[in-house]
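All remarks here apply to the structure that follows.
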2 protein chains.
Amino acid sequence: MDWDDLRIFLAVARADSLSGASRRLAIDASTVGRRIARLEQVLGAKLFVKTPQGYALAPEGERLLPHAEAAEAALSDAREALSGPGDLTGQIRIGAPDGCANYLLPQICARLCEDHPGLEIQIVALPRVFNLSRREADMAIAVSQPQAGRLVVQRLTDYQLHLAGHEDYLRRHPPILTREDLRGHRMIGYIPDMIFDRELDYLTETGADWAQLTSNSVSVQMQAVRTGAGLGIVHDFAIPFCPGVRRVLTDAISLTRSFWLIRHADDRRSQRMNRIADALAQGIRAEVARLQGLITLEGPSQERA
Amino acid sequence: MDWDDLRIFLAVARADSLSGASRRLAIDASTVGRRIARLEQVLGAKLFVKTPQGYALAPEGERLLPHAEAAEAALSDAREALSGPGDLTGQIRIGAPDGCANYLLPQICARLCEDHPGLEIQIVALPRVFNLSRREADMAIAVSQPQAGRLVVQRLTDYQLHLAGHEDYLRRHPPILTREDLRGHRMIGYIPDMIFDRELDYLTETGADWAQLTSNSVSVQMQAVRTGAGLGIVHDFAIPFCPGVRRVLTDAISLTRSFWLIRHADDRRSQRMNRIADALAQGIRAEVARLQGLITLEGPSQERA
DNA sequence: ATTCACCTTTGCAAAAACGCAAAACGCTTT
DNA sequence: AAAGCGTTTTGCGTTTTTGCAAAGGTGAAT
């Protein structure tokens, strides 16, 4: 039996398809299929039920899975035991909402990569809720705590959102001093049916019951605000990246949310994962504080409009 | 990283040489060397110190070893979880003193193989004490309990040894009724400096302080007795295989020893290993009882000489 | 009803891995 | 001192594995 076939087995079991595993492993799908076939022959068991729409775990495969994961954990521990205590190496995939992925993670991860040349970081911007238990990512940042799963959650930091618009846009309209002044403004927000977490339902919280220009992407929304398309709820930490964008009604409308770092429970005792998580947490905390601090310093003009 | 390289790593670490691992794995030594080299490169660590007389674990390899063993355990559990609850399969290597290996194990293991066609049993006759912790065998039968190691020991059965000679030989000599009558007889025994366990020091226990014809193999000694070369201490359970061999002085000289089954502590929770061990224990108990029973039934002639 | 997108499977050429044989090396023994 | 044994290492022909491209199939959407 070739131990390496178990690595392929794990990928297929998690991707539910040869092609998905193929992409993840960077191995051709035909090879993946052949190695699964070989594994099944050696073990004398049908691990998957094969359909034209994918590979699904058969009962025998279900029984194999936890042991394969145990082997994976042993391997992971092995690499950890070998790599020097100082440097972090290997690949890590971090899932995050696109606001975080766009305005926070790049700097933080760049810094991390600089400190650890052997480390390879993949930032996956999440347009949807993430399935961490399938190892679509090693860790994920979320705006709410997950309810179930063998996961460990830790709070990263609070952050704030405010209504904002570009100063050119604000100049073209009468001053906004009360909620009533919002009438007639073009609102920018999420595509309603693509709100995957109730924490993202910013607009209804402000009283605006609908938005004219919507996107599933925070950065697209931000770009809309920046180009003067209207008013939108934006992350404070994103504002420094968009010169000219000014907050309005900060007294009346102010939202606070939190970022949570979610990890596999199995990774808890992994020194490497712990260190990466710590670096990430510290980096996000510092970066949010830094960016939010820049706003009030740079432009107390939010009331000026 | 190819997970299968870890399997090769384990073999080399246990054999302390490429060639030893090569024999055990049935893979060419050059391939074993190349895969170790590849593994070292991927991990970026020198796992072995390479000398013309073998591969010795380097500190980094020492750190890797326990994790590789953890992976191996996971793999073993996996195969166990898959194989049907009824049948035993795979390969197992049993070490045993050559008396046991010659006169007990063949029948027992043959029966076991018959009941489980997928099972492959290797009987290693042991001319020396066995290093079970290096996985030279999966389990071992010994004549004394080991003192140390992560091992689990269970007693199999008691067995008896007596002085014996071939009836032709006995007929050519005066009757042996007391210990004094042994003077002048040619004694067959162990090569003194090759007695690897004090439990094997049969002759001094009888009062005979030296042997003229010696071997490190119980079966060779038995063969000597059988061909009328002299008198020797033989296992009772071996006598039925040697027509004409009769015990003498059974009242004055009677030795009792025990067989112990030694296994790795890690295998304790392995259902497969437990079943094999149980079958082995039960088989040996039954076979020793059966063979020892045959003696008294077949030939009460031990006093006749 | 048909096209499309996605998946798996098969055929074939290229690349990688493997086994064999020989060489190089050190240690032990004659 | 030299020959022999066991080891690792290297070179080469063969086998195996892999990736690519095309084919075959199924469900969803036009």
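Naming: A, B, ... by sequence-line order, numbering from 1 per chain. Everything quoted here is computed from the prediction, not taken from an experiment.
One interatomic measurement links the two molecules: CG of Asp2(A) to P of dT16(D), which rounds to 15 Å at whole-angstrom precision. dT15(D) atom P lies 16 Å from atom CG of Asp28(B), rounded to whole Å. If you take CG of Asp16(B) and C1' of dT8(D), they are 15 Å apart, rounded to a whole angstrom. Distance, Tyr55(A) OH to dG25(D) P: 16 Å, rounded to whole Å. In this entry the distance linking CD1 of Ile36(B) with P of dA17(C) reads 15 Å, nearest Å. In this structure, Glu40(A) places its CD atom 10 Å from P of dT9(C), rounding to the nearest Å. Residue Leu18(B) contributes atom CG, which lies 16 Å from atom P of dG6(D) at whole-angstrom precision. The distance between atom CD of Gln53(B) and atom P of dT29(C), rounded to the nearest whole Å, is 14 Å.
A distance of 11.5 Å separates CZ of Arg63(A) from CD of Glu80(B), quoted to the nearest 0.5 Å.
The base of dC18(C) is not paired with the side chain of Ser30(B) by any donor and acceptor separated by under 3.5 Å. Between the base of dC6(C) and the side chain of Ser17(A) there is no donor-acceptor pair shorter than 3.5 Å.
A side-chain contact (heavy atoms from CB on, under 4.5 Å) with Met139(B) holds for exactly one of Asp267(B), Ile276(B), Leu151(B), Ile262(B); it is Ile276(B).
The pair Asp138(B)-Arg93(B) does not count as a salt bridge, with every side-chain nitrogen at least 4.0 angstrom from each carboxylate oxygen. At a threshold of 4.0 Å, the pair Arg14(A)-Glu69(A) counts as salt-bridged, since one of the basic side-chain nitrogens sits closer than that to a carboxylate oxygen.
Between Arg34(B) and Ser19(B), the residue anchored closer to the 5' end of DNA chain D is Ser19(B), taking for each the nucleotide with the nearest heavy atom.
Between the side chains of Ser30(B) and Arg34(B), at least one donor N or O lies within less than 3.5 Å of an accepting N or O.
Residue contacts shown for Gly33(B) are absent, as no nucleic acid heavy atom lies under 4.0 Å away.
OP1 or OP2 of dT16(D) has not a single side-chain nitrogen or oxygen of Arg35(A) nearer than 4.0 Å. Taking side-chain N and O atoms only, Thr31(A) has a distance below 4.0 Å to OP1 or OP2 of dG19(D). Here Arg38(B) reaches the OP1 or OP2 of dA17(C): one of its side-chain N or O atoms lies under 4.0 Å away.
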